[in-house]
Structures are given as C-alpha cells and as structure tokens.
Number of protein chains: 2
Amino acid sequence: MQEILKALSHPLRREILAMLRVAPRSAGEIASKFDVSKPTISGHLNILREAELIEQVRNGTTLTYHIRLSVLEETMSALMDKFDIGKGEK
Amino acid sequence: MQEILKALSHPLRREILAMLRVAPRSAGEIASKFDVSKPTISGHLNILREAELIEQVRNGTTLTYHIRLSVLEETMSALMDKFDIGKGEK
DNA sequence: TTCCTATTTAGCTGATTCCCTAATTAGCCA
DNA sequence: TGGCTAATTAGGGAATCAGCTAAATAGGAA
C-alpha cells in the first residue's frame, strides 16, 4: 500500500500508468512521449514495477510494459475502505 | 490533485485522516495517538490543510481539525476516472 | 565475432522530505 | 500584567528523490 501510493504520487508515473491502461508499450515508446531522458523514464518504470503496478515482458531487445490493473483496483478499493467512502451507495 | 496525492502518500497522514473521518480532534489529541513529536504532527497537519483535506477551527487555545470529506471523495473519483476504473459496473 | 539498437545501471548533484529540539505565538484567567 | 497551556514556527541534519550524462548490458543480425 505504502509503496503503491508512493509510486502514484509522482505525476509522470500516473501518466505512464494512464498510458499503459490503454495499451502495453515499450520503454522507448513511453520515453518518446515525455520530455525527460530515457534513464529517468527507466527509473520511473522500475518504481512502478517494484510497486507491482506494471510488469515487463521481453521481446528481443525490446521490453514491453503492461499495467497490472487488479493491483490498481485493489489499492483504490482499500483506500476507499480506509476512509469509509461509499462506493456502492445504493 | 498533485498536492493531495503527495499528502496521502505518507502513512501517518493517512492515519490522521482516518482518525478525523470518525470525528474532529484537536491537534493535541491527534499528537497523543502517535509516537512522534507535536511539531512533527503540526507539520503533517499543515500539509493536509494546504492540500485542503482538513480544516482547522479555533476554540480558545485549542485548534480542532475536521476532515473535508468532499475533497477526498472527489480526489478518489478523479483517480478512478484517470485510470478508467469502473465504479458503476452496471 | 562484430556491430547496431534498446534499455538499464552507475554515479553524481540539487531539491525535497521528515524528524528532532528550541523558541515563539495565541488565548485565557487570576 | 504575569503565568499557564495549546500549538505553531524556526532551524538544522540525515535520508530520500528526481533529474542528468556516461557507461554497461542484452539480444539480434551480418
């Protein structure tokens, strides 16, 4: 939980997640969308991977990243529970 | 959004919010529940207040803090939207 | 093997975070 | 005013974070 929220607290990482929510992408594709260096993107991907929010699949020299939607969903659910926010109000 | 998620990324601040979700509390009451100094708690309260997640009301020398539930709810909702997580799966 | 591309790791710097103790402010009451 | 309590602000130090450039690794193709 802590690790996941830390990961979500950086705007660039949220953008990466939103991008992967639509479809898997290679590290290079992700990097090309943002105005930071590839090593910086690589670092953010590592943080997301350690938080288990994404996973990587190698295809030759290319690494493709996929979102782990269930982890995101469960985190949201746990947060709502923690603050007792109604998510099924009827 | 950024400021709010930053505020939520610290476990102690989440605990404070969860506590205030139940009922308003004075700074002293909050501090007494955790194993950190009062100035540290005061700092966390400031961060939560700047994120508009709580508000303070003065009563004599005592400052009482209240949660701003709507801000929390709207943030959760915005996050779910960002990641296209179904909250109305029907 | 050698070369080329994709990507990560290493190493560094500056900024931010988090905690502490000490000092200050705010309000109340005698 | 003086004194007491509640809480904050100030200041500082250790740790973590976020970005960069340069160097290293992994895999595929010639």
Side-chain angles (χ1 to χ4, degrees), chain A residues 1-20 22-68 75 79 82, chain B residues 1-20 22-68 75 79 82:
Chain A
M1 170 82 145
Q2 175 51 20
E3 204 174 359
I4 295 175
L5 286 179
K6 226 32 184 291
L8 290 177
S9 77
H10 194 291
L12 183 44
R13 290 193 289 261
R14 289 196 298 278
E15 291 310 314
I16 291 174
L17 276 184
M19 172 182 291
L20 296 181
V22 178
R25 302 276 186 189
S26 71
E29 283 174 321
I30 297 167
S32 72
K33 305 282 183 179
F34 300 100
D35 195 25
V36 293
S37 69
K38 277 182 176 194
T40 294
I41 292 289
S42 187
H44 285 303
L45 290 171
N46 248 312
I47 289 167
L48 288 170
R49 192 168 43 71
E50 273 159 27
E52 303 192 299
L53 283 164
I54 61 176
E55 54 194 0
Q56 65 181 189
V57 174
R58 183 176 284 279
N59 243 345
T61 59
T62 296
L63 283 172
T64 299
Y65 287 90
H66 303 250
I67 197 171
R68 291 188 59 179
T75 300
L79 256 191
K82 179 165 197 75
Chain B
M1 169 81 145
Q2 177 52 18
E3 204 173 0
I4 296 175
L5 285 179
K6 232 22 186 297
L8 290 177
S9 76
H10 195 291
L12 183 43
R13 289 194 289 262
R14 289 196 300 276
E15 291 310 315
I16 290 174
L17 276 183
M19 172 183 291
L20 295 181
V22 178
R25 303 274 188 192
S26 70
E29 284 174 320
I30 297 167
S32 72
K33 305 282 185 180
F34 300 101
D35 194 25
V36 294
S37 70
K38 277 184 175 192
T40 295
I41 292 290
S42 187
H44 285 304
L45 290 171
N46 248 311
I47 289 168
L48 289 169
R49 192 168 42 73
E50 273 159 25
E52 304 192 298
L53 283 163
I54 61 176
E55 55 194 358
Q56 65 183 188
V57 175
R58 181 176 285 279
N59 243 345
T61 59
T62 295
L63 283 171
T64 300
Y65 287 91
H66 303 251
I67 197 171
R68 292 189 58 180
T75 301
L79 256 191
K82 180 164 196 74

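All chains are named by letter (A, B, ...) in the order of the sequence lines, taking the proteins before the strands, and each is independently numbered beginning at 1.
Considering CG of B:Leu79 and CG of A:Leu79, their distance stands at 8.0 Å, rounded to 0.5 Å. Between atom CD1 of residue A:Ile30 and atom CG of residue A:Leu63 there is a gap of 10.0 Å, rounded to the nearest 0.5 Å. The structure places OG1 of B:Thr75 at 7.0 Å from CE of B:Met1, a figure rounded to the nearest 0.5 Å.
Residues of residues 56-63 of chain A having a heavy atom closer than 4.0 Å to DNA chain C, listed by number: A:Thr61, A:Thr62, A:Leu63.
Each end of the helix from C:dT1-D:dA30 to C:dA30-D:dT1 gets its own axis from five base pairs, and the two axes differ in direction by 10°, given to 10 degrees.
Using modelled atom types, one side-chain atom of A:Arg13 and one backbone atom of A:Ala7 make a donor-acceptor pair closer than 3.5 Å.
When all heavy atoms are compared, the tightest approach of A:Glu29 to A:Lys33 is O-CG, 3.3 Å. Closest non-hydrogen pair, B:Ala27 versus B:Leu45, comes out as CB-CD1, 4.1 Å. Annotation for B:Ala18 and A:Lys82: closest pair CB-O, 4.1 Å, computed over non-hydrogen atoms. Contact between B:Ala31 and B:Lys38 at its shortest, heavy atoms only, is CB-CG, 3.7 Å.
A 4.5 Å side-chain heavy-atom check between B:Ile47 and B:His10 finds every atom pair outside the cut-off. Side-chain contact between A:Leu20 and A:His66: absent, with no pair of heavy atoms (C-beta onward) separated by less than 4.5 Å.
On the nucleic acid side, DNA chain C contacts chain B at distances under 4.0 Å to non-hydrogen atoms, with the end points of that region at C:dT17 to C:dC28.
Contact annotation for A:Phe34: no contact, since no heavy-atom pair falls under 4.0 Å across all strands.
Judged as a side chain to side chain contact (heavy atoms under 4.5 Å, CB included), and not counting sequence neighbours, A:Ser42 has no contacts.
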Let me have the donor-acceptor pairs involving side chains of residues 48-56 of chain B, under 3.5 Å, with sequence neighbours excluded, atom names and distances please.
unit_1  : atom_1 : unit_2  : atom_2 : d
B:Arg49 : NH2    : B:Asn46 : OD1    : 2.2
B:Gln56 : NE2    : B:Tyr65 : OH     : 2.7

| request: Give the B/S/- string for nucleotides 14-25 of chain D, one per nucleotide from 5' to 3', where a protein heavy atom under 4.0 Å of the base yields B, of only the sugar-phosphate yields S, and otherwise -. | output: ----SBBBB---
